[in-house]
Amino acid sequence: DGGITQSPKYLFRKEGQNVTLSCEQNLNHDAMYWYRQDPGQGLRLIYYSQIVNDFQKGDIAEGYSVSREKKESFPLTVTSAQKNPTAFYLCASSLGGGPRETQYFGPGTRLLVL
Amino acid sequence: DQQVKQNSPSLSVQEGRISILNCDYTNSMFDYFLWYKKYPAEGPTFLISISSIKDKNEDGRFTVFLNKSAKHLSLHIVPSQPGDSAVYFCAASWNGNQFYFGTGTSLTVIP
């Protein structure tokens with residue numbers, strides 16, 4: 001079955017701790033994305049990557065970091081610099097990185113701060 | 001600054017009737033629009049798209065209408081079915097890699 005997997009489904013972070021959210025896809029897509037969803041707001045882009053070893057900041061990249069060492073994987077680290085990390089995080093991928101490419105989403109990870 | 005807005009957070013419709021979900025945008029440069037559907041605890045799934053060179057696109061029970069002069073997009077579902085109950089997001093992009101998403105409208109189809 002082709003698709004995008006995100007793990008874990010729920011993640012708890014202590015104050016001052018870095019946590020990493022996993023995103024894996026077996027769709028052979030070149031581009032991958034991370035979004036954040038907060039209540040009453042649309043999805044906001046954190047980072048995206050069009051090819052391996054390259055990524056760009058989205059609108060709300062501060063306090064986050066990513067890597068793209070493999071085509072299939074695009075992990076997101078929520079650092080201690082992110083002061084309000086509680087949110088629902090969605091990973092997506094698309095065949096190419098163009099503006100008309102349909103993005104396919106994973107099931108999401110809900111991050112909660114203890 | 002919300003460039004794509006869905007002003008109705010929720011909508012209830014009787015089964016078999018038409019559901020109309022609305023979306024407004026502020027950036028006149030947007031030239032590609034999509035609708036996504038999201039069930040609880042799942043990621044959004046692509047539903048239908050429209051390019052700015054068209055004013056209508058149809059796919060089965062789903063039709064998207066684009067009014068560029070009004071910067072307004074709508075999704076019509078006819079006939080509505082209980083399985084259509086979900087949150088619907090509109091999204092827009094232009095000549096770049098980023099999609100801007102609306103806040104979503106929760107549709108409930110009442111049997």
Side-chain angles (χ1 to χ4, degrees), chain A residues 2-10 21-25 27 29-51 54-61 87-110, chain B residues 1-10 21-27 29-54 57 59 62 64 66 73 86-106:
Chain A
I4 302 174
T5 56
Q6 290 185 243
S7 62
K9 192 169 184 177
Y10 294 95
L21 285 65
S22 168
C23 178
E24 304 275 333
Q25 54 98 0
L27 300 168
H29 284 174
D30 285 323
M32 297 186 74
Y33 311 81
W34 273 106
Y35 291 91
R36 169 180 170 142
Q37 186 185 11
D38 294 281
Q41 297 203 37
L43 280 65
R44 293 183 292 166
L45 184 65
I46 304 172
Y47 268 99
Y48 65 97
S49 167
Q50 291 180 276
I51 56 171
D54 185 53
F55 47 82
Q56 285 80 42
K57 293 181 179 179
D59 289 334
I60 56 166
F88 188 58
Y89 291 86
L90 284 162
C91 177
S93 70
S94 62
L95 187 60
R100 294 169 186 266
E101 295 279 357
T102 299
Q103 295 181 16
Y104 297 87
F105 286 83
T109 292
R110 187 163 297 278
Chain B
D1 181 29
Q2 194 77 20
Q3 297 191 55
V4 178
K5 299 177 185 177
Q6 292 176 258
N7 292 319
S8 297
S10 62
L21 295 98
N22 294 305
C23 179
D24 296 296
Y25 59 95
T26 57
N27 189 342
M29 299 294 289
F30 286 144
D31 63 359
Y32 189 61
F33 305 86
L34 305 93
W35 284 93
Y36 281 87
K37 176 179 179 179
K38 183 182 182 302
Y39 292 116
E42 294 183 13
T45 55
F46 170 73
L47 196 55
I48 193 168
S49 64
I50 188 167
S51 162
S52 60
I53 61 172
K54 292 185 169 184
N57 190 26
D59 183 3
F62 301 91
V64 56
L66 176 61
L73 189 70
V87 177
Y88 290 79
F89 291 96
C90 64
S93 75
W94 69 280
N95 199 33
N97 300 304
Q98 185 168 342
F99 277 100
Y100 293 87
F101 285 81
T103 53
T105 296
S106 178

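Throughout, a chain's letter reflects where its sequence line sits, starting with A, and its residues are numbered from 1.
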Taking only residues two or more places apart in sequence, or in another chain, which ones meet A/D30 in a salt bridge (charged side-chain N to carboxylate O under 4.0 Å, His left out)?
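Salt bridge (charged side-chain N to carboxylate O under 4.0 Å, His left out) list for A/D30, sorted by chain: A/K71.
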Working to the nearest 0.5 Å, report the span between OH of B/Y36 and OG1 of A/T102.
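B/Y36 OH to A/T102 OG1: 5.5 Å, rounded to 0.5 Å.
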Checking an interface table here. Which of residues 43-52 of chain B come within a heavy-atom distance under 4.5 Å of chain A?
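Contacts with chain A: B/G43, B/P44, B/F46, B/S51.
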Inter-residue atom distance A/D59.CG - B/Y100.OH, 0.5 Å rounding
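Answer rounded to 0.5 Å: 5.0 Å.
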Given heavy-atom pairs under 4.5 angstrom as the criterion, report whether the side chain, backbone, both or neither of A/Q37 touches chain B.
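For A/Q37, side-chain heavy atoms alone lie under 4.5 Å from chain B.
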Drop me the distance from B/K38's NZ to A/L90's CG, to the nearest 0.5 angstrom.
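Here the interatomic distance stands at 6.5 Å.
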Residues two or more places apart in sequence or in another chain: which of them pass salt bridge (charged side-chain N to carboxylate O under 4.0 Å, His left out) with A/D38?
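Checked A/D38 against salt bridge (charged side-chain N to carboxylate O under 4.0 Å, His left out); matches are A/R36, A/R44.
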Can you list the residues that meet the side-chain contact (heavy atoms from CB on, under 4.5 Å) rule with A/S94, with sequence neighbours excluded?
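With sequence neighbours excluded, A/S94 shows a side-chain contact (heavy atoms from CB on, under 4.5 Å) to A/A31, A/Y33, A/E101, A/Q103, given in chain and number order.
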Could you have a look at A/P39, A/G106, A/G96 and say which one has the most heavy-atom pairs with chain B under 4.5 angstrom?
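Looking at each of A/P39, A/G106, A/G96 in turn, A/G106 comes out on top.
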For B/Y39, is it the side chain, the backbone, both, or neither that has a heavy atom closer than 4.5 Å to a heavy atom of chain A?
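Looking at B/Y39, nothing touches chain A.
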